Amino acid sequence: MNRKRISVPFVTVSSKGLKNGLSEIENDGADFGPDTPGTSSSGIVEAIKNSKSGNVMLLEGKFYTREQIIVSEGINLFGNQKSVIINELEDPFVPVLVFRPYSSSSFLIVNANGKSGIKIGEPEKNNSIKIDYVKVYNTGNIYEGKGRENVAVTIAGYNIIAGVIDVYKGNVGLKIVGADIRIADLQVVDSSTGLIVVSSEHVTFGHLSIDSCSYIGVQIDSSNDITIRGIVWNNVEAHPSNTLKYGVLIGNYSSDHRNNGLTIELSIVGTGGTGIKISNANLCTLNLKIANGVFYTKDNEIKTGIEYGDRLSFISVSALMSNVESQIKGAVVGRLILY
């Protein structure tokens, strides 16, 4: 029996304007745009509310929004390499884009414009969210305490899958507070802290690259069953002033909860300060390559390869170190292998 292919309908959003005369650029036939009555979101919120199929497509252009965009249940918001959402919200700590449970995205680029970026999921909920690709750049570097800080991407809650998360220039690249989260590829460049995982479990990174951050590459606290593979490094030629205090910092703020079952497979190259410090951890496996790169200077030299803090048990460490003067500080109860 022959079956006809059924195309999935979608609504389109234009950055140019819907009607001739309301924009300097000719009408491109989109369904919604910046001259949609009552919009302060370039028409994106209106498109989401009026989408019957659940598919909302951003056309080429810059989408300035003064209204938080909520991607609700059943909506797939996608763009292309030439469509950019720009944060013009007044509150710099409010994410410009929020994905609620059972939503998805195929391709998004967000200019945080010196403010916060996006939030994926809701705390303590089964979100069932899938993000294929998201790029967030230019997040702010403001911190007021009590959770008010600029974050490029926040992931909260349970059951979230992301293909590629790409962050450039900001404060915290990715912050995770949740469970059953799988990320295939994470890249954070020229930020303060690359990755924070806190009060989480069953989180897996296929590969991450933390490049030229200025404080901490990867921070893990009060978490269980976390698997991370990839590299933390400092591109001193491109970012000479970015010298990490810690390449990886585990359990430093976890005095009330040990970190259990961590699997860390990382290359830590030319980050400065301490390559990795681990405290408050149990049943963890570390497979490390720690080195000062060819172009390192005294300013960004890894001075201590591994530092062991308090409350460690059953820690297995395999470490290949190159050109690191002080390899180990502290002691660990468990198995230690150094090559």
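Counting from 1, the numbers follow the sequence of the chain as shown. Given the structure is predicted, the values throughout are model-derived calculations rather than measurements. Hydrogens, waters and symmetry mates play no part in the numbers below; they use all other heavy atoms, side chains included.
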Shortest non-hydrogen separation from [X] to [Y] and the atoms involved:
| X | Y | result |
| --- | --- | --- |
| S313 | N282 | OG-OD1, 2.7 Å |
| A281 | R258 | O-NH1, 4.1 Å |
| G309 | S279 | CA-OG, 3.4 Å |
| C213 | S192 | CB-O, 3.4 Å |
| Q81 | F107 | CG-CZ, 3.6 Å |
| S105 | L77 | OG-O, 2.9 Å |

Once rounded to the nearest 0.5 Å, what's the spacing between atom [atom1] of [X] and atom [atom2] of [Y]?
| X | Y | atom1 | atom2 | answer |
| --- | --- | --- | --- | --- |
| Y246 | I268 | OH | CD1 | 13.0 Å |
| I278 | D310 | CD1 | CG | 12.5 Å |
| N76 | N55 | CG | CG | 5.5 Å |
| S316 | L286 | OG | CG | 8.0 Å |
| D166 | Y137 | CG | OH | 11.5 Å |
| L262 | I228 | CG | CD1 | 8.0 Å |

Between [X] and [Y], is any pair of side-chain heavy atoms under 4.5 Å apart?
| X | Y | answer |
| --- | --- | --- |
| I85 | L108 | yes |
| N87 | N111 | no |
| N126 | Y102 | yes |
| V218 | F205 | no |
| I70 | V45 | no |

Only pairs at least two apart or in different chains count here, so list each salt bridge (Lys or Arg N to Asp or Glu O under 4.0 Å) that has a residue in [range].
| range | value |
| --- | --- |
| residues 171-186 | E149-K175 |
| residues 263-280 | R229-E265, K277-E307 |
| residues 96-123 | R100-E122, E122-K125 |

Does the pair I181 and I176 meet the rule for a side-chain contact (heavy atoms from CB on, under 4.5 Å), with working shown? CA-CA 9 Å; I181 296 166; I176 294 178; 3.5 Å; yes

Please name the residue in the list I118, N127, V197, I183 that meets the side-chain contact (heavy atoms from CB on, under 4.5 Å) test with I155. I183

Given F63, which of V84, L58, V110 fulfils the side-chain contact (heavy atoms from CB on, under 4.5 Å) condition?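 Output: one option passes, namely L58.
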
Is there a path of hydrophobic side-chain contacts, each under 4.5 Å between heavy atoms of I/L/V/M/F/W/Y residues, joining [Y] to [X]?
| X | Y | value |
| --- | --- | --- |
| I48 | I120 | yes |
| I216 | I264 | no |
| I160 | V188 | yes |
| F93 | L89 | no |
| I69 | V134 | yes |

Students often mix this up, so state it plainly: with edges at 30° and 60°, are the rings of F10 and F78 parallel, tilted or perpendicular? perpendicular

Partner set under side-chain hydrogen bond (donor to acceptor under 3.5 Å, both in side chains) for [X], not counting sequence neighbours:
| X | result |
| --- | --- |
| N80 | none |
| D221 | Q219, S254 |
| S116 | N150 |
| E201 | none |

Quick one: do the [X] and [Y] side chains pair a donor with an acceptor below 3.5 Å?
| X | Y | value |
| --- | --- | --- |
| R311 | N280 | yes |
| N171 | T139 | no |
| N234 | T271 | no |
| E60 | S83 | no |

Transitive ILVMFWY cluster of V172 at side-chain heavy atoms under 4.5 Å: who else is in it?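 For the cluster that includes V172, the remaining residues are V151, V177, I196, V198.
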
Give me the other members of the hydrophobic cluster that W233 sits in, counting Ile, Leu, Val, Met, Phe, Trp and Tyr linked by side-chain heavy atoms under 4.5 Å, directly or via other members.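 I231, V269, which link up through side-chain heavy atoms under 4.5 Å apart, make up the rest of the cluster.
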
Just by modelled atom types, is the [Y] backbone N or O under 3.5 Å from a matching donor or acceptor in the [X] side chain?
| X | Y | result |
| --- | --- | --- |
| T274 | I276 | no |
| S14 | K16 | yes |
| T304 | I306 | no |
| N259 | S223 | yes |
| N224 | N260 | yes |

Who passes salt bridge (Lys or Arg N to Asp or Glu O under 4.0 Å) against K169, sequence neighbours left out? D190

Under the side chain to side chain donor-acceptor pair (under 3.5 Å) rule, what pairs show up with a residue in residues 63-75, not counting sequence neighbours?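 Checked against side chain to side chain donor-acceptor pair (under 3.5 Å) - neighbours excluded - the pairs reaching residues 63-75 are S40-E67.
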
Stepwise side chain to side chain donor-acceptor pair (under 3.5 Å) test for S209 and Q187: CA-CA 5 Å; S209 175; Q187 175 173 276; 4.7 Å; no

L174 and I165: side-chain contact (heavy atoms from CB on, under 4.5 Å), yes or no, with the steps? CA-CA 9 Å; L174 171 63; I165 296 176; 4.3 Å; yes

For S267 and V232, what are the C-alpha separation, side-chain angles and deciding distance, and is it a side-chain contact (heavy atoms from CB on, under 4.5 Å)? CA-CA 6 Å; S267 295; V232 179; over 6 Å; no

Under the ring pair (Phe, Tyr, Trp, His ring centres under 6.0 Å) test, residues paired with Y215 that sit two or more places apart: none

Go through it in stages, so that I can follow the logic: the residues are T263 and C284, the test is side-chain contact (heavy atoms from CB on, under 4.5 Å), and I'd like the CA-CA distance, side-chain angles, deciding distance and then a yes or no. CA-CA 6 Å; T263 301; C284 298; over 6 Å; no

